[in-house]
Amino acid sequence: MHEEWASSPSEDLHLDLRGPRLRDGLMEALRDAIRSGRLAPGAKLPSSRTLGADLGIARNTVAQAYAELVAEGWLTARQGAATRVASRAESVPATAVPKPAQNRRQVHDLRPGQPDLSSFPRADWLKAARRALTDAPGDAFGYGGPFGRPELRTALAAYLARTRGVRAHPDQIMVCAGTSHSLEILAEVLKQRGMPEVAVESYGLYVHREYLAGAGLRTPRLPVDADGAVVDHLDDLPGAGAALLTPSHQFPTGVALHPDRRAAVVDWARRTGGLVLEDDYDGEFRYDRSPVGAVQGLDPEHVAYLGTTSKALAPGLRLGWLVLPPRIARAAAEVKGEHDSYTGVLDQLTMATFITSGAYDRHIRAMRLHYRRRRDQLVAALAEHAPNTRVTGLSAGLQVLVDVPPGEESAVVQGSAWQGLAVHGLGMFRHPDAPADRDALVIGYGTPSASAWSGALEALCRVLP
């Protein structure tokens, strides 16, 4: 039997079959391709009609071959979904076939959490850096205190009040090296205050749970539905002295915390003396209306606000901030240390100038248009080419949640890797104690360059059911 394989077998599968029994020949060709690794676990096969037309054989012959291989466990098939290679189909030993990461080059990165780094405002940042360096006093280049440079804290206080509704004096703002650093500080403060648990959303970044657990804190989960975290469950968690939330744009489900729940979580904090840790994830990027204000504005005494430049500018800057309730500000400063050894002075001064000059506002407005255009293109492409999927969540942020048919998430992620496409499934962000009741992909649209964007969209549509 002679076989000819297209370069992308999940799109086309060409076989030159010989022998009197075409169905048996087709089945053996597919088994051989799976054993050898040419068809990877999760790879999508052509429809029976398409493959039959390509091979010049009856559609029913292909359908019968597929059905037999499904029964044998080589393939999987669900009503309304594509036929795929089974995740546990037999293959040659690992020593004989390289892992996908070793022999498959990543062509397109659609993982969430990264902005379009090619859009970093280099000219404006350089202009701000020159001005900041010229105007900086001599003592600015010392070690500095734990709260960071006063120029940046003053600029942030005005900016956050104007754009996010945050109420804070510059003395309440601590400059940090991003959200993870902020969480490390807060986790240690909470531990010192004797709080055994911090409630977290049932979907979120696992690394955040790890930072809290690293301080010895347990992380019971709060369910997340279409209205955000179900904060009423906090009353069922007597050990939880704090709650970590992403209220403006829940990551990764993409919903906003309902106004009634925003009020309810603040009432809980007042009633119990608890603390809300507000991770303002993607807070600047709302495309269908003005961004919702921060929960911190409802009660600065009971909310610690976490912000960062990682999505708006670049994660490599390592610049973030904590807006602290006065009651824990001193404890946070002691945890961070006597000197600020985490964030560079020049970057702080540059960021202050970047904000006060208006360049930051202009950049945010430009990136809103850029990301909104990408999101619209992504949604339109999925509607046309992947009708078995559904995009959910707000028109906001740098990623969308794409629901796929039940049982398809793992197969699509594996198949994508073999196509050189990096995507994450929703399961990666699920709390260990949360039920696996939803199959979806978390598709980031910030990373691809302008020249690669259309190719990334095409690759994504090819692997989706």
Side-chain angles (χ1 to χ4, degrees), residues 113-114 143-149 152-153 156 160 166 168 171-201 203-222 239-247 251 269 274-283 294-296 302-345 347-348 351 429 431-432:
Q114 286 268 18
Y143 284 106
F147 282 92
R149 288 301 304 173
L152 179 53
R153 291 187 283 117
L156 283 170
L160 294 174
V166 170
D171 290 346
Q172 293 174 247
I173 298 177
M174 174 178 285
V175 179
C176 300
T179 299
S180 295
H181 184 210
S182 298
L183 272 179
E184 285 185 289
I185 294 169
L186 289 171
E188 187 61 31
V189 170
L190 296 174
K191 176 184 177 182
Q192 292 177 3
R193 293 171 68 87
M195 294 183 182
E197 297 180 345
V198 176
V200 299
E201 294 163 327
Y203 290 98
L205 288 172
Y206 67 89
V207 68
H208 290 175
R209 294 194 299 270
E210 289 180 350
Y211 283 124
L212 296 170
L217 303 172
R218 296 187 296 274
T219 55
R221 67 178 183 90
L222 296 174
L244 173 62
L245 305 176
T246 51
F251 180 84
L275 185 66
V276 179
L277 312 183
E278 180 180 12
D279 179 3
D280 197 19
Y281 194 90
D282 287 341
V295 173
Q296 192 269 0
H302 291 92
V303 180
Y305 175 91
L306 293 75
T308 179
T309 61
S310 292
K311 307 300 180 293
L313 285 170
L317 286 179
R318 309 309 305 142
L319 270 177
W321 45 86
L322 263 175
V323 180
L324 296 160
R327 61 188 172 120
I328 66 169
R330 181 181 295 275
E334 292 175 353
V335 168
K336 192 180 181 191
E338 182 179 353
H339 300 302
D340 185 359
S341 57
Y342 297 90
T343 52
V345 169
D347 283 342
Q348 291 186 59
M351 187 65 192
F429 307 102
H431 191 286

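Computation of the quantities below employed the complete heavy-atom set of this structure, encompassing side-chain atoms and omitting hydrogens, waters and symmetry-equivalent molecules.
Using a 4.5 Å heavy-atom cutoff, the side chains of H302 and P325 are not in contact. For the pair L244 and L183, the minimum side-chain heavy-atom distance is below 4.5 Å.
Looking only at distances, no side-chain donor or acceptor of T219 sits under 3.5 Å from a matching main-chain atom of V200. Here the side chain of R318 pairs a donor or acceptor atom with the backbone of A177 at under 3.5 angstrom. A distance-only check finds no donor-acceptor pair linking the side chain of K311 to the backbone of G283 [under 3.5 Å]. Using modelled atom types, one side-chain atom of Q348 and one backbone atom of T343 make a donor-acceptor pair closer than 3.5 Å. Side chain of E278 to main chain of A294: no donor-acceptor pair is present (N/O by atom type, distance under 3.5 Å, no hydrogens or angles). Side-chain atoms of Q172 come within 3.5 Å of backbone N or O of L324 as a donor-acceptor pair.
Of all non-hydrogen atoms in D171 and F147, the two that sit nearest each other are O-CE2, 3.7 Å. Between V323 and A168, the shortest heavy-atom distance links the atoms CG1-CB, 3.3 Å. Minimum interatomic distance between T309 and W321 (heavy atoms only, all atoms of both residues): CG2-CZ3, 3.6 Å.
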Please walk me through it: do F429 and L205 pass side-chain contact (heavy atoms from CB on, under 4.5 Å)?
CA-CA 6 Å; F429 307 102; L205 288 172; 4.0 Å; yes
Evaluate L313 against M351 for side-chain contact (heavy atoms from CB on, under 4.5 Å), listing each step before the verdict.
CA-CA 10 Å; L313 285 170; M351 187 65 192; 3.8 Å; yes
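If you run side-chain contact (heavy atoms from CB on, under 4.5 Å) between V166 and each of L156, V303, L160, only L160 comes through.
Annotation: R327, atom CZ; neighbour count of heavy atoms from other residues, nucleotides and ligands within 6.0 Å is above 12.
By the 30° and 60° cut-offs, the orientation of the rings of H181 relative to Y342 is tilted.
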